[in-house]
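Lettering of chains follows the sequences in order, A, B, ..., and the numbering in each one begins at 1. All values derive from a computational prediction rather than experimental measurement.
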Number of protein chains: 2
Amino acid sequence: MADVILKSGETPDRPHGRTGRLIAEPLSVDDRPEITFVELLFFAYRDFISDPDTVLAAYGFGRAHHRVVHFVNRHPGIRVADLLDILNITKQSLGRVLKQLIDGGFIEQVQGPQDRRQRLLYPTESGRALALRLMAPQERRIAEALDSLSPEERKGAELFLRQVVDGDQRDMVARLIGQ
Amino acid sequence: MADVILKSGETPDRPHGRTGRLIAEPLSVDDRPEITFVELLFFAYRDFISDPDTVLAAYGFGRAHHRVVHFVNRHPGIRVADLLDILNITKQSLGRVLKQLIDGGFIEQVQGPQDRRQRLLYPTESGRALALRLMAPQERRIAEALDSLSPEERKGAELFLRQVVDGDQRDMVARLIGQ
DNA sequence: AAAAATATGTCAACATGGCTGACGTAATTT
DNA sequence: AAATTACGTCAGCCATGTTGACATATTTTT
């Protein structure tokens with residue numbers, strides 16, 4: 001039982017005679033200004049990924065499917081290994097959702113022309129349509145957010161996000177996104 | 001079996017005689033400039049949350065514990081219901097990780113002084129130490145990212161993230177973060 | 001005073017999407 | 001011929017989210 005609930009008569013600082021065990025002083029933005037961005041990243045991302053969930057639910061898919069559909073549409077003919085690198089997951093994890101997407105007719109595999117061990121992934125027309133439907137609310141959200149920013153402020157938002165990416169991944173990300 | 005693997009002799013556009021079923025044209029940033037931010041948010045957040053994982057593993061904790069420890073440290077005395085609002089999860093989900101954090105001595109509950117139904121959550125000294133350890137690499141990452149930005153660019157990064165948050169949540173987020 | 005609403009906790013069952021480890025197969029490289 | 005590579009699969013585990021139902025203490029409303 002963790003049911004040690006202190007009574008209200010005892011101040012948090014000196015509960016039950018256990019002097020000084022509890023801390024009432026908040027971690028403050030004044031002391032640590034980076035907290036602002038730590039929390040903004042949390043809240044912004046929380047809401048940003050909630051957009052496509054309604055659409056996904058209608059297909060019986062989850063966020064993992066979204067990520068796969070997105071990057072296959074962004075890079076038709078991508079190799080499985082490269083997709084794994086982007087998503088930072090194991091092939092077993094990818095395997096499950098990929099199978100469902102293939103069975104559902106959203107993605108197809110093509111044997112690699114030079115190296116026939118490769119299974120290159122392409123979206124079908126439904127797969128492309130799904131990707132666009134999933135991204136639409138996110139594009140709207142981003143566009144509205146950028147609307148209120150000056151050109152330099154927009155540049156700042158982009159630069160900031162690029163710098164938050166791991167140093168040894170920045171080149172790869174830049175290549176993936178393109179100019 | 002979904003083992004319909006097209007042979008390499010067939011172009012992706014006309015595989016197996018199924019004319020036009022596959023799409024070889026990438027979704028492009030040129031057509032949809034917001035994709036840049038969609039993907040930057042994905043990659044930035046992916047790396048940003050990977051920071052504390054090593055620390056968490058040492059304690060046998062996961063990312064859910066991190067979020068709880070963080071917000072309890074930011075708002076000592078927070079009510080369970082308010083924590084649920086911030087995290088957007090169910091009380092059952094919270095219950096599990098909260099119990100572990102209480103059992104481990106990182107968080108304690110105090111009965112509400114006015115309303116004795118409430119269980120106000122406070123960090124212990126270990127809980128505060130854990131929160132700081134978890135946030136340290138993220139603060140470093142943010143500080144380095146901001147280093148390369150001008151003041152207006154920094155403002156842009158912050159404004160952008162604030163605008164990405166759901167419109168009806170912005171005030172709450174602003175209040176939670178403070179000036 | 002009784003009834004209703006609130007804050008919280010708990011039990012049980014289930015789904016998603018990560019993970020590891022082991023093994024198999026086809027194709028390519030050495 | 002042997003080793004490596006690219007990929008797939010089976011099996012099981014774990015973390016963390018969900019819903020639904022119900023219990024308890026406390027406060028608010030009637």
Q) Going by heavy atoms in the side chains, are B/Q138 and A/E34 under 4.5 Å from each other? A) no
(Q) From C-beta outward on A/R96, which listed nucleotide comes closest to its side chain: D/dC7, C/dG17, D/dT26? (A) C/dG17
Q: With DNA chain D as reference, determine whether A/R117 or A/G95 sits nearer its 5' end, using the nearest nucleotide of each.
A: A/R117
Q: Kindly give the heavy-atom pair with the smallest separation between B/R74 and A/P26, and that separation in Å.
A: O-CB, 3.3 Å
Q) Quick one: are the ring centres of A/F48 and A/F43 less than 6.0 Å apart? A) no
Q) What nucleic acid atoms does B/D82 come within less than 4.0 Å of, heavy atoms only: base, sugar-phosphate, or nothing? A) nothing
Q) Atom CD of A/Q118 to atom C1' of C/dT28: distance rounded to whole Å? A) 11 Å
**Q.** Chi angles and distances behind the salt bridge (Lys or Arg N to Asp or Glu O under 4.0 Å) call for B/R141, A/D166
**A.** CA-CA 9 Å; B/R141 187 185 285 264; A/D166 276 356; 2.7 Å; yes
Q. Where each pair must be Watson-Crick or G-U wobble with both distances under 3.5 Å, what dot-bracket representation of DNA chain C is obtained, with crossing pairs in [ ] and other-strand partners as |?
A. ||||||||||||||||||||||||||||||
Q. Hey, is the side chain of A/R67 poking within less than 4.0 Å of OP1 or OP2 on C/dT16, counting only N and O atoms?
A. no
Q: Using atom CG of B/L56 as one end and atom P of C/dC19 as the other, report the distance to the nearest whole Å.
A: 16 Å
Q.
Is B/Q109 close enough to C/dG9 that one of its side-chain N or O atoms is under 4.0 Å from OP1 or OP2 there?
A. yes
Q. Given atom CZ of B/R79 and atom P of D/dA25, what is their separation to the nearest angstrom?
A. 20 Å
Q) Do A/F160 and B/F160 have their ring centres less than 6.0 Å from each other? A) no
Q.
Without decimals, in angstroms, what is the distance between A/D103 CG and D/dT9 C1'?
A. 14 Å
Q: Check the pair A/E158, A/R162 against salt bridge (Lys or Arg N to Asp or Glu O under 4.0 Å), reporting the backbone distance first and the verdict last.
A: CA-CA 6 Å; A/E158 179 173 344; A/R162 285 189 192 272; 2.8 Å; yes
(Q) With a cut-off of less than 4.0 Å, is there a side-chain N or O of B/S93 near OP1 or OP2 of D/dT18? (A) yes
Q: Whole angstrom is fine here: how far is it from CZ in B/R119 over to C1' in D/dT26?
A: 10 Å
(Q) Using a heavy-atom cut-off of 4.0 Å across all strands, would you classify A/R63 as base, sugar-phosphate, or nothing? (A) sugar-phosphate
Q) A/I78 has an atom CD1; how far is it from atom C1' of D/dA6, in whole Å? A) 14 Å
**Q.** Partner residues of B/D85 under the salt bridge (charged side-chain N to carboxylate O under 4.0 Å, His left out) criterion, sequence neighbours left out
**A.** none
Q: May I have the distance from A/I102 (atom CD1) to D/dT9 (atom C1'), rounded to whole angstrom?
A: 14 Å
Q.
Return whichever of A/G60 or A/N88 has its heavy-atom-nearest nucleotide of DNA chain C closer to the 5' end.
A. A/G60
Q | 5′-ward residue of the pair A/L120/A/Q92 relative to DNA chain D | A | A/L120
Q. Is the shortest side-chain N/O distance from B/T90 to OP1 or OP2 of D/dT18 below 4.0 Å?
A. yes
Q) Would you say a side-chain N or O of B/H65 is under 4.0 Å from OP1 or OP2 of D/dT16? A) yes
Q. What's the CZ-P distance between B/R116 and C/dT8, to the nearest Å?
A. 15 Å
Q) Side-chain donor or acceptor of A/K91 under 3.5 Å from a matching atom on the base of D/dG8? A) yes
Q: Determine yes or no for a side-chain-to-main-chain donor-acceptor pair under 3.5 angstrom, with A/S126 supplying the side chain and A/F106 the backbone.
A: no
